[in-house]
Amino acid sequence: MAQKKETSMINYHLQNLLLPVPSVCAEKSMYYRKFGDVLQDGQVLRFGKHAVCTFSTYFNSFSLNKWQAYTGLDNLGLSLCLAGTFSIEIYAAEWYRGRIQKHCLLSETVTCDEKTEVELQLSELAGENICFTLCALTEGAEFYGGSYTTEIDAARLHPVEIDLVMCTFRRERFVERNVRLIEQEFFQNPRYNGAAHFHVKIVDNGRTLPASVTQGDDRIRLYPNKNVGGSGGFTRGMMESLYEGRATHILFMDDDVTVQVEAFERTYNLLTLLKKEYQNRFLAGAMLRLDQPNRQHASRECMLGKDILGLKTETNLSLYRNVVFNEKYESAPKEYASWWYCCIPKSIARLDNLPLPFFVRFDDIEYSTRNIDRVLALNGIAVWHAPFDRKYSVLMEHYFMFRNQMVSILLHDSVGRMGFLKYFLRHFAREVLRYDYASAGLLMDGVEMVLEGPDAFIHCDTGKDLKEHAAKQTKSKPLSEYTSMVIRYQDFQAALQDVGESMPAKIFRFLTFNGHLLPDCCFRPQNYAAYGYEANSKHFYRYRKVLACDPNFEEGALFELDRTKCFRALLRWGKDALRIAFGWKRLQKSYRDAFPYMTSDAFWRKYLELDEEG
């Protein structure tokens, strides 16, 4: 007679309940909403009689639809640490036509004479999102935290070991803060399942971090590295992890982010339970805005040919309907996980499948779209980061980004020769029409480097390359330094108003190359425009000078009409376009032939000069 297989059932914590910590995020609406007399005292909520707290929030609701899809979750409990008498209600919620439909799954009243763990088990799993409400029935009732849990056979848990890789360049303050946070709040906190399964690798491209940064815990290691940008720093961390062979996953995270260590815990817990069909996907963390901590700047994104499409951008996560909608499935091919927070399984991260030496920008997009078509994402797995619209860089956007994207297009043939030429023309014309001839020059510098072939990347002196091209960009400076101009905020605001433009007027404007072909008598002295992503060529039309300002009206860059620079740039673009048109196939073959070497351990060891270090 066959023996019954023994099971070892455990109560597995999936997601901890959180209260705001001012040093991380002070937006209470991301954690709870209170009605009545509720006071947060450290990590405790103290209730007045009949006061109510609802936990239908980004960090404290439970994404049932994602957990069921990714892991096959078939039961769910809620563990609460309480003192006093509470009415507890657990709700299932669904997003329907922009509104939330809720129904109560469980309602109980509990009395705890002292601090007590209360376990509630749901008899049914319904809806897309689970949340709960606490109503204090006695004065002075207290809430100390809790977690969502599941009963599971321990044999079902996958072994997971994670190497967290941070790449940095002379950002000691950020790195020291995050290392201290990881040590004190994660490694030393017994409530985290994943703390014993994380190691940290800090790759220092500036070679300026003191060794003392990593001396508190032997799980944190420092690797001085050649300054080869973010792609080189993250690749070094990936290589060191692969050499050790201990980790099952590599987690890339930017050094200058603010992170809630619960993100690491949810990452670990999710990975231990993933269904087989999801185990080879990247896990993407969302980017929340540092300047507006309740707003999601980006989550899942994808490449549509040559264009980046955001799926859940600029979302106000203080609203519960947006929290639930944030987990709704949207279909998009070629999704990618940005390296501000990206967890990669070792089945993909291999020594013969390393990133390309792009220095910065587009490295994460190319590596993701090369290897996967879909990514995983989950509410609460996120970092706060300075949003891109607050740190616009001509050098990054028009030299590194465009250059590296061209290489990716050549390798993966996402748009073809004619598609790329149209894309090149559109980017070039946009800069010239905005009188930013320096940006147009940087754009063509990048294209011409690609036209030199893969050896230009293989043998690039990255420090010299960065310095040379950084010097070419038109730099913004404080508005107070433009002493010869009248600068009024209301003029800037008026210039940004979209007054509309008829089709004949638009056609005429473009036929004159945004006024470059018009005589001087048609021009007015000066105007204002937005700087960076929001700059519109309409605000430059028929003005001799345009001051492009940042949204906070603090800095600006001055652009002046110069027909000579315009036509020289146009001639240069024509030469580059002809080289692309007639040399595309040959160029494509050269990059595809070099690709296996450029993504190999042998190349990167030479590029990083690791063998020379001994």
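Keep in mind that what you see is a predicted model, and the values were worked out from it rather than measured.
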- Query: Could Arg219 and Phe187 be counted as a cation-pi pair, given that NZ or CZ must be under 6.0 Å from the ring centre and within 45° of the axis?
  - Reply: yes
- Item | Distance, nearest 0.5 Å, that separates OH of Tyr320 from OG of Ser29 | 14.5 Å
- Query: Got Leu271 and Ile162 here, is their nearest side-chain heavy-atom distance under 4.5 Å?
  - Reply: yes
- Query: Between Glu176 and Arg180, is there a side-chain N and carboxylate O pair less than 4.0 Å apart?
  - Reply: no
- Do Tyr423 and Gln405 have a side chain donor and acceptor closer than 3.5 Å? yes
- Note on the structure: Correct closest heavy-atom pair for Arg156 and Thr71 would be NH2-O, 3.4 Å
- Task: Give a yes or no on this: more than 12 heavy atoms of other residues, nucleotides or ligands lie within 6.0 Å of atom NZ of Lys275.
- Result: yes
- Where Leu17 and Ser79 come nearest, the two heavy atoms and their spacing: CD1-O, 4.4 Å
- Message: Using every non-hydrogen atom in the two residues, find where Leu290 and Ala386 come nearest and quote the distance to one decimal.
- Response: CD1-N, 3.6 Å
- Query: Is Glu314 salt-bridged to Arg289, going by a charged N under 4.0 Å from an acidic O?
  - Reply: yes
- Spacing of OH belonging to Tyr192 relative to CZ belonging to Phe186, to within rounding of 0.5 Å: 7.5 Å
- With a distance cut-off below 6.0 Å to the six-membered ring centre and an angular limit of 45° from the axis, does Arg403 pair with Tyr399 as a cation-pi contact? yes
- List the atom of Ile130, the atom of Leu105, and the distance in Å for their closest heavy-atom pair. CD1-CD1, 3.7 Å
- Given the side-chain rings of Phe132 and Tyr91, with only the six-membered ring counted for Trp, is the space between their centroids under 6.0 Å? no
- Salt bridge between Arg426 and Asp307, side-chain N to carboxylate O under 4.0 Å? yes
- Message: Testing the basics here: between Met598 and Pro454, what is the closest heavy-atom pair and its distance to 0.1 Å?
- Response: SD-CB, 3.8 Å
- Query: Around Arg295, counting heavy atoms of other residues, nucleotides and ligands shown, do more than 12 lie under 6.0 Å from its CZ?
  - Reply: yes
- Item | Test item: Trp67 and Leu14 side chains (from C-beta on) under 4.5 Å apart, heavy atoms | yes
- Query: Looking at Phe234, does the NZ or CZ of Lys201 lie under 6.0 angstrom from its six-membered ring centre and within 45 degrees of the ring axis?
  - Reply: no
- Message: Are the side chains of Arg99 and Arg321 in contact, using a 4.5 Å heavy-atom criterion?
- Response: no
- Item | Electrostatic pair Arg221:Glu244 at N-O distance under 4.0 angstrom | yes
- Message: Under 6.0 Å between ring centres: does that hold for Phe264 and Phe198?
- Response: yes
- Parallel, tilted or perpendicular: ring planes of Phe359 versus Phe400, cut at 30 and 60 degrees: parallel
- Message: Pair Ser408, Phe362 - check side-chain contact (heavy atoms from CB on, under 4.5 Å), show working.
- Response: CA-CA 8 Å; Ser408 182; Phe362 216 82; 3.5 Å; yes
- Task: Can you establish whether the number of heavy atoms outside Glu151 located under 6.0 Å from its atom CD is more than 12?
- Result: yes
- Message: Whether Lys328 and Glu128 form a salt bridge (side-chain N of Lys/Arg under 4.0 Å from carboxylate O of Asp/Glu) is what I want to check.
- Response: yes
- Note on the structure: Of all heavy-atom pairs linking Arg370 and Pro355, the shortest is NH2-CA, 3.8 Å
- Item | Heavy-atom neighbours of Tyr96 OH exceed 12 at 6.0 Å | no
